[in-house]
Amino acid sequence: HALLAVDHDLATLDYLCDHLCFLYGAPGGYGAVSAPYSVGQGVNLFLDGFIPSENFRFRDEPLLFNGSPEAEAEPGGAGGGTWQYPA
């Protein structure tokens, strides 16, 4: 069986899908569907913002998850601050 799921939540897509395709284009201009990718490869391509086999860049900068800006601004910059509870 085939199912088309359009979702912005990567965890949900990882759970629902066996393969991912990217749909892209310009309104009133053109539309295209990429080749199918495995979920792991598709999520990595989405985060990178570039599909090499299609030679298509849909994001200028890759999405990176390095930590919070506040944690990186702390002395040492390792992002591992000390937390005390209750404050």
Side-chain angles (χ1 to χ4, degrees):
H1 298 288
L3 171 72
L4 174 64
V6 178
D7 200 334
H8 66 278
D9 185 356
L10 297 179
T12 302
L13 286 174
D14 185 31
Y15 178 75
L16 287 176
C17 300
D18 293 326
H19 296 88
L20 296 177
C21 293
F22 294 92
L23 287 76
Y24 58 91
Y30 72 97
V33 179
S34 73
Y37 296 97
S38 68
V39 175
Q41 186 180 19
V43 167
N44 287 331
L45 289 172
F46 174 77
L47 294 174
D48 188 41
F50 179 65
I51 306 171
S53 63
E54 310 282 331
N55 194 25
F56 182 73
R57 180 167 299 282
F58 54 89
R59 184 178 302 112
D60 292 331
E61 299 288 328
L63 296 177
L64 302 174
F65 300 101
N66 294 332
S68 68
E70 294 83 17
E72 292 174 359
E74 291 178 2
T82 302
W83 299 91
Q84 294 186 12
Y85 181 81

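Side-chain atoms are counted along with the backbone in the values below, which use heavy atoms only and exclude waters and symmetry mates.
- Within a 6.0 Å radius of CG in Asn55, no more than 12 heavy atoms belonging to other residues, nucleotides or ligands are found.
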Got a list of side-chain donor-acceptor pairs under 3.5 Å for residues 18-30, not counting sequence neighbours?
from	atom 1	to	atom 2	distance (Å)
Tyr24	OH	Glu54	OE1	3.1

Show me the donor-acceptor pairs within less than 3.5 Å that the side chains of residues 37-50 make with the rest of the protein, sequence neighbours left out.
from	atom 1	to	atom 2	distance (Å)
Tyr37	OH	Ser53	OG	2.4
Ser38	OG	Gln41	N	3.3
Asn44	ND2	Gly40	O	3.2

